[in-house]
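Worth knowing before you read on, the calculation uses all heavy atoms, side chains too, and leaves out hydrogens, waters and symmetry mates. Because the structure is a prediction, the values reported are computed rather than measured.
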Amino acid sequence: MSTSPEYATFHFHALHHADQPLLLPNAWDVISAAALAGAGYAAVGTTSLGVAAAHGYPDGRGLAEVRDATLALALRLNGRLPCPYTVDVEGGFGGGPGQVGDLAAELAEAGAAGLNLEDGLPGGEGLQDPVRQAELISAVKERAPGLFLNARIDTHWLTDSPPPLSVALERAETYLAAGADGIFVPGVTADEDVSVLVAEIPAPLNILFAPGRHTVSRLAELGVRRISTGSLLFRTALQATLTAADAIRMGQGPTDAAGAGGEVLGYDEVQRLVAGEE
């Protein structure tokens, strides 16, 4: 496919309305994004935890350093992938409408096809006022109208006592009115809850894949249009690193712990991915 920004953005929007849901793997650096794109995924996202942790910072704190690292990654991905990419910007890194709008414009200039904007406050300090969040969404759409804005609602994220689904639905209505293109409600796992969200939200619904609770086929049956892996791939890769190192320490080879037939990417293969070669 063409890698022009205009076509990538158009194609990314269309992927949310295709016959099958968009399975969106989330990368944390150039090589993970290149590997996922090279594996044939229709689009790639970034993970805020992965980007922040890879640079030595905690996630979800609205840190300027993580904003810089996020934008730098988006710039480095520009023109390198055969598919669209979307960028996780936490809650806008603590910026107001002007700053978040500027960030969206920079991401669009960098070639991104979309962004993910959450309404959880930095440091887990509750939720953003929905009216204030709507102002951020409006600012994004004003400065970068072509970007697919995935509005993340954190009512059910990292909490043992989520509110009724009606609270998420009220926020979804407000965010869509402000210009959001899709709605993301991480932390929702029960089929019946997913079904309610699909039925009540007149926009593509994004669900965070929960191992052991979800399958892609079942979420497709329920009407989910986008399935994100979030930080799962980053955390899995980190665990695989520890497992392989421990295997070597115990006198085994790293392939003994690699799984999938013991396959490990070769040095030359990684070099080709970095160089953008087939």
Could you tabulate the donor-acceptor pairs under 3.5 Å formed by side-chain atoms of residues 26-35, not counting sequence neighbours?
| from | atom 1 | to | atom 2 | distance (Å) |
| --- | --- | --- | --- | --- |
| Asn26 | OD1 | Thr229 | N | 3.2 |
| Asn26 | OD1 | Thr229 | OG1 | 3.1 |
| Asn26 | OD1 | Gly230 | N | 2.8 |
| Asn26 | ND2 | Thr46 | O | 3.1 |
| Asp29 | OD1 | Ser32 | N | 2.9 |
| Asp29 | OD1 | Ser32 | OG | 2.6 |
| Ser32 | OG | Trp28 | N | 3.0 |
| Ser32 | OG | Asp29 | N | 3.1 |
| Ser32 | OG | Asp29 | O | 3.1 |

Inset, instruction - Let me see the working for Val87 and Leu77 under side-chain contact (heavy atoms from CB on, under 4.5 Å), right down to the final yes or no. - result: CA-CA 11 Å; Val87 180; Leu77 292 177; over 6 Å; no
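- Contact record, Leu136 with Gly91: CD1-O, 4.0 Å, taken as the closest heavy-atom pair.
- Hydrophobic cluster membership is shared by Tyr85 and Leu23, with clusters built from Ile, Leu, Val, Met, Phe, Trp and Tyr side chains linked at under 4.5 angstrom.
- Here the closest non-hydrogen pair linking Ile153 and Ala168 is CD1-O, 3.5 Å.
- Residues His214 and Thr189 meet the side-chain proximity criterion, which asks for heavy atoms closer than 4.5 Å.
- Scanning for side chain to side chain contact (heavy atoms under 4.5 Å, CB included) contacts around Leu238 gives an empty result, with sequence neighbours left out.
- Judged as a salt bridge (Lys or Arg N to Asp or Glu O under 4.0 Å), the pairs with a partner in residues 125-135 (not counting sequence neighbours) are, in order, Arg132-Glu135.
- You'll find the side chain of Gln133 reaches within 4.5 Å of the side chain of Leu117, heavy atoms only.
- Of all heavy-atom pairs spanning Ile137 and Ala151, the tightest one is CD1-CB, 4.2 Å.
- Atom CZ of Arg218 has more than 12 neighbouring heavy atoms from other residues, nucleotides or ligands inside a 6.0 Å radius.
- Residues Phe93 and Leu127 do not share a hydrophobic cluster, defined by chaining ILVMFWY side chains whose heavy atoms lie under 4.5 Å apart.
- Nearest approach of Cys83 to Ala37, heavy atoms of both residues: SG-CB, 3.7 Å.
- Each of Phe209 and Trp157 belongs to its own hydrophobic cluster when Ile, Leu, Val, Met, Phe, Trp and Tyr are linked at side-chain heavy-atom distances under 4.5 angstrom.
- Applying the side chain to side chain donor-acceptor pair (under 3.5 Å) test to residues at least two apart or on different chains, the pairs with a partner in residues 166-184 are Asp119-Arg171, Asp119-Tyr175, Lys141-Asp181, Arg171-Tyr175.
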Donor-acceptor contacts, no H, no angles, side chain residues 98-113, under 3.5 Å, sequence neighbours left out:
| from | atom 1 | to | atom 2 | distance (Å) |
| --- | --- | --- | --- | --- |
| Gln99 | OE1 | Gly96 | N | 3.0 |
| Asp102 | OD1 | Arg143 | NH1 | 2.3 |
| Glu106 | OE1 | Arg67 | NH2 | 2.8 |

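- Residue pairs meeting the salt bridge (Lys or Arg N to Asp or Glu O under 4.0 Å) criterion with at least one member in residues 224-251, sequence neighbours excluded, are Asp246-Arg249.
- Among Thr241, Leu242, Thr236, the one residue that satisfies the side-chain contact (heavy atoms from CB on, under 4.5 Å) test with Gln239 is Leu242.
- Crowding of Gln20 atom CD: a count of heavy atoms from other residues, nucleotides or ligands under 6.0 Å not exceeding 12.
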For residues 198-205, dump all side-chain donor-acceptor pairs below 3.5 Å to protein atoms at least two apart in sequence or in another chain.
none

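- One finds the CZ atom of Arg213 at 12.0 Å from the CD1 atom of Ile207 (value rounded to the nearest 0.5 Å).
- If you take CG on Leu165 and CG on Asp193, they are separated by 4.5 Å, rounding to the nearest 0.5 Å.
- Shown here are the ring pair (Phe, Tyr, Trp, His ring centres under 6.0 Å) partners of Tyr41, two or more places apart in sequence or in another chain: there are none.
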Inset, instruction - Check the pair Val140, Leu115 against side-chain contact (heavy atoms from CB on, under 4.5 Å), reporting the backbone distance first and the verdict last. - result: CA-CA 9 Å; Val140 168; Leu115 62 80; 3.9 Å; yes
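- Transitive grouping of hydrophobic side chains (ILVMFWY, heavy atoms separated by less than 4.5 Å) brings Leu222 and Ile183 into a common cluster.
- Contact annotation: the side chain of Thr86 never approaches that of Asn150 to less than 4.5 Å [non-hydrogen atoms, C-beta and beyond].
- Heavy atoms only, all atoms of each residue included: Val167 and Pro163 are closest at CG2-CB, 3.8 Å.
- Although no hydrogens or angles enter the test, the distance criterion places no donor-acceptor pair under 3.5 Å between the side chain of Ser231 and the main chain of Phe234.
- The side chain to side chain donor-acceptor pair (under 3.5 Å) test applied to Ser228 returns Asn206, not counting sequence neighbours.
- Counting only residues at least two apart or on different chains, no salt bridge (Lys or Arg N to Asp or Glu O under 4.0 Å) pair has a member in residues 79-96.
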Atom pairs and distances, donor-acceptor, side-chain atoms in residues 57-64, under 3.5 Å, two or more places apart:
| from | atom 1 | to | atom 2 | distance (Å) |
| --- | --- | --- | --- | --- |
| Asp59 | OD1 | Ser48 | OG | 2.8 |
| Asp59 | OD2 | Ser48 | OG | 3.4 |

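- Across His156 and Pro164, no two heavy atoms sit closer than the pair CE1-O, 4.3 Å.
- Inter-residue side-chain proximity for Leu219 and Pro21 is flagged as unmet; no heavy-atom pair is nearer than 4.5 Å.
- Members clustered with Leu22: Phe12, Leu15, Leu24, Phe148, by chain and number, using a 4.5 Å side-chain heavy-atom cutoff among hydrophobic residues.
- With hydrophobic clusters built from ILVMFWY side chains whose heavy atoms lie under 4.5 angstrom apart, Val216 does not share a cluster with Leu208.
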